[in-house]
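Just so we're clear, the structure is a prediction, and the values are computed from it rather than from any experiment. Chain letters run A, B, ... following the sequence lines, proteins first and then strands; every chain starts at 1.
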Protein chains: 2
Amino acid sequence: MRKTVTLKQIARELDVSVSTVSKALRDSAEISDDTKEKVQAFAKLYNYKPNNIALSLKNRKTKTIGVIIPEIVHYFFSKVIYGIENKALEKGYNVIIGLSNESFDNEVINMETLANGSIDGFILSLSKETLLKQDFHHLNETINQGMPLVLFDRASDKVDCDKVIIDDAHAAQTAVQKLLDCGCRSIALITTEDHVSVGQMRTQGYCAKLVSEGFEIDDQVILKIEDPKDSEERLELLEKTIEDLLHLKPDIDGILAVNELYAVTAMKIARKLDLKIPDDIQIIGFTDGVLSRHSTPSLSTICQNAEMMGERAAEMLIDRIEQEDDEPVYETVIVPINLIERESTKS
Amino acid sequence: MRKTVTLKQIARELDVSVSTVSKALRDSAEISDDTKEKVQAFAKLYNYKPNNIALSLKNRKTKTIGVIIPEIVHYFFSKVIYGIENKALEKGYNVIIGLSNESFDNEVINMETLANGSIDGFILSLSKETLLKQDFHHLNETINQGMPLVLFDRASDKVDCDKVIIDDAHAAQTAVQKLLDCGCRSIALITTEDHVSVGQMRTQGYCAKLVSEGFEIDDQVILKIEDPKDSEERLELLEKTIEDLLHLKPDIDGILAVNELYAVTAMKIARKLDLKIPDDIQIIGFTDGVLSRHSTPSLSTICQNAEMMGERAAEMLIDRIEQEDDEPVYETVIVPINLIERESTKS
DNA sequence: TTTCAACACGAAAACGTTTGCGAAATTAAT
DNA sequence: ATTAATTTCGCAAACGTTTTCGTGTTGAAA
């Protein structure tokens, strides 16, 4: 077992000083070619690699960014991480992951354990509980300590920092427009409860577009669902709610769902009720994940370009870290969305 | 903007030495109650938190584990990370993620950048390319440096270290047994190419069970597929391959697929050919992910208990880190699997 | 022979901690 | 009043780097 070798050990072996070794390895002009060669050969032989922790301490830079997300077993978030990782690798940064599990406390704890020197900046998407409590003191404190922070997807106006989001209202409008274009005259919405910022914005967009096209908003066809996650009972509740709706309002011919799961569940119920997709009812979801692509029929959906969000967020953060401006002007990047048309809508 | 305060700054403010501050904060008996109170109050006021990097350097422990996985946009792997994260949090460790993207070089690079002091140990699942090349020098070097390593799911006999795996052959046998029990007499297999260790083991299990039950192995009903991933063409190729098979061998009444995607694709083709599931053909997949649960019909599948794998891997690694035995006896943990019966098989 | 560059290297400080040990100051005992 | 014991604190080293600055050596110019 050969532990990693340090400058000091090389210095002792070669009977020179630590500073000489350091300089020799960095090819300093101060050192003679002879010793340089000697040191470099020895270092290569023993596979010397500078200790990152020591470098971090010296440079007061860790070259590491902290990412805190609500969940990881989730197509959108894992794709964002993928984007972050790629950009980080390219720029020589590591990524350390924290999971809030949609809990405010976990979010706070995660930030605290990382903010003590372990990382150079944060990329974060707010937990549902945080959104519900509207308590952002941990974020503002972090920013106040001079630690850069980029919020993505689930952001808040109450936090002044860089952001990477999509225009959720506009995305919903695009989807509604598509359904209208394809002949729908009664469009239902399956969304989350209002405290989830993106759900709320999507609901707004849905309403705005309908109104602007001369339709009335029927609250009965707007389903606000608690996130079923993996829980079996909630999923059944979701199914029942949708089924009730389709019975109550048999003229519904279009459904917009704010995520994949709601959308495929709606398709499942439609099929159960012998409604043909897309002939009798058309469906559009959000998130171009594995469900959308591989369900039958495949699902038309709003793609949020998660990977691009991750890349942009990492880019912004790293820029911020490396310029270290005391009075930064924060930016909000709106990542474009696109509607992917598949079998659940007419073409 | 209030930067984080250090011991030195507190010492200067309070006109005591750094060591006094440190001891006071750690409630040392060496320090008088007076100064302790004074220091602690000041520290709380200025929200002092010890710098993690300095601690890491001093203790030669980072309290961080490095996880390297082939992909993150993947139900199984993200679920494993979830398990790792939970256990790590519980034990006071952070998790830093590296993605190999199934590439040997990326795997090596990731390990090298993390092995220089940034982490206390690795959890890793081998990339396909590494499996193909059978080159494990980077792993063995890491182990040789005294850095603990736990391999999960995709492991290799050529690397001597702790492992967390499932009994893939046995899992496949269980699935085949179920299909046989449910009346299947001609079972096809959709698997990966042989260099992916788990695919190979599953193929072995499939064959072994069929032989032991008196069936002959028909190579024509064993489809070895290149991973289609997100590529559209490959997915179409997969579909065509399956369709050809079902035309060629119309008596096939059961399919075992080594992952979710192959399984739902098979279901899609079956439906296209007007085969009723599970009446005409029954299907079992691997990985209890979102596709299995939400496809129609829902998919019977082998659940690998990914979260448990993650937890056990983290546990093993942290134990290894904290005991630092020079001549460790490595263990291999076999995580139990279970067959989840849903609508794609008869009951 | 003296003086001065140029060259090659080492000492030390710094990053922020913790900790063993010595020293000063105070209190107690003789 | 002297000594001993106790309390309270600071110094310094250590973790592994990088970098500034100083110093000693060499060779050449005067």
Side-chain angles (χ1 to χ4, degrees), chain A residues 3-40 42-43 46-64 113-120 145-146 324, chain B residues 3-40 42-43 46-64 113-120 145-146 324:
Chain A
K3 289 270 181 190
T4 71
V5 64
T6 70
L7 288 187
K8 192 190 289 192
Q9 290 164 15
I10 300 184
R12 201 183 307 132
E13 291 296 321
L14 262 41
D15 209 41
V16 293
S17 78
V18 172
S19 30
T20 303
V21 177
S22 174
K23 288 171 189 166
L25 290 177
R26 325 192 93 243
D27 223 28
S28 158
E30 280 185 53
I31 306 298
S32 72
D33 292 346
D34 269 7
T35 31
K36 268 196 222 172
E37 256 180 62
K38 193 175 56 174
V39 171
Q40 288 172 0
F42 191 93
Y46 281 88
N47 191 30
Y48 169 79
K49 296 278 169 52
N51 180 304
N52 259 327
I53 297 292
L55 285 180
S56 296
L57 183 59
K58 180 138 222 341
N59 302 332
R60 265 100 75 70
K61 296 253 164 175
T62 63
K63 287 281 196 172
T64 304
T113 73
L114 292 182
N116 305 318
S118 303
I119 59 165
D120 296 338
Q145 285 179 9
E324 36 190 339
Chain B
K3 288 269 179 193
T4 70
V5 63
T6 70
L7 287 187
K8 192 189 287 192
Q9 290 165 14
I10 300 183
R12 202 183 306 131
E13 290 296 319
L14 263 41
D15 210 40
V16 291
S17 79
V18 172
S19 33
T20 303
V21 177
S22 174
K23 288 171 185 165
L25 290 177
R26 324 194 93 241
D27 223 28
S28 159
E30 280 184 49
I31 307 297
S32 73
D33 292 346
D34 270 6
T35 31
K36 268 195 221 170
E37 257 179 60
K38 194 176 55 174
V39 171
Q40 287 172 359
F42 192 92
Y46 281 88
N47 191 30
Y48 170 78
K49 297 276 169 52
N51 181 303
N52 259 328
I53 297 290
L55 286 179
S56 295
L57 183 58
K58 180 138 218 347
N59 303 331
R60 265 101 77 68
K61 297 254 164 173
T62 62
K63 287 280 197 173
T64 304
T113 73
L114 292 181
N116 304 319
S118 304
I119 60 165
D120 296 338
Q145 284 180 7
E324 34 190 340

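- Residue-level contact check: B:Leu55 touches the backbone only, with heavy atoms under 4.0 Å from sugar-phosphate atoms and none from bases.
- The base of D:dC9 lies outside donor-acceptor range of the side chain of B:Ser17, with no N or O pair under 3.5 Å.
- Counting to the nearest Å, the P atom of D:dG16 and the CG atom of A:Leu57 are 12 Å from each other.
- For the pair B:Leu25 CG and C:dG16 P, the computed distance is 16 Å after rounding to whole Å.
- The side chain of A:Ser19 has D:dT19 as its nearest neighbour among C:dC15, C:dT17, D:dT19.
- B:Lys36 places a side-chain N or O within donor-acceptor distance of the main-chain N or O of B:Ser28, the cut-off being under 3.5 Å.
- Between A:Lys49 and D:dG16, a side-chain N or O to OP1/OP2 separation shorter than 4.0 Å is absent.
- Remark: the B:Lys23 side chain and the C:dG20 base include a donor-acceptor N/O pair separated by less than 3.5 Å.
- For the pair B:Lys8 and C:dC15, the criterion of a side-chain N or O lying under 4.0 Å from OP1 or OP2 is met.
- In this structure, B:Thr20 does not reach the D:dT8 phosphate: none of its side-chain N or O atoms is under 4.0 Å from OP1 or OP2.
- Closest-nucleotide positions on DNA chain D for B:Arg60 and B:Ile31 were compared, and the one nearer the 5' end corresponds to B:Ile31.
- C:dA8 atom P lies 13 Å from atom CG of A:Asp27, rounded to whole Å.
- In this structure, B:Arg26 places its CZ atom 11 Å from P of C:dG20, rounding to the nearest Å.
- The interatomic distance linking B:Asp15 (CG) with D:dG10 (C1') rounds to 12 Å, in whole Å.
- The nearest whole Å value for the distance from the CD atom in B:Glu30 to the P atom in C:dA23 is 15 Å.
- Two residues, B:Ser32 and B:Ala54, neighbour DNA chain D, and the one matched to the more 5' nucleotide by heavy-atom proximity is B:Ser32.
- With D:dT19, C:dT17, D:dT17 as the choices, the nucleotide that has an atom nearest any side-chain atom of A:Asn51 turns out to be D:dT17.
- Within the 3.5 Å criterion, the main-chain N or O of B:Ile53 finds a donor-acceptor partner in the side chain of B:Asn51.
- Residue contacts for A:Ser22: at a heavy-atom cut-off of 4.0 Å it reaches a base atom on one of the strands shown.
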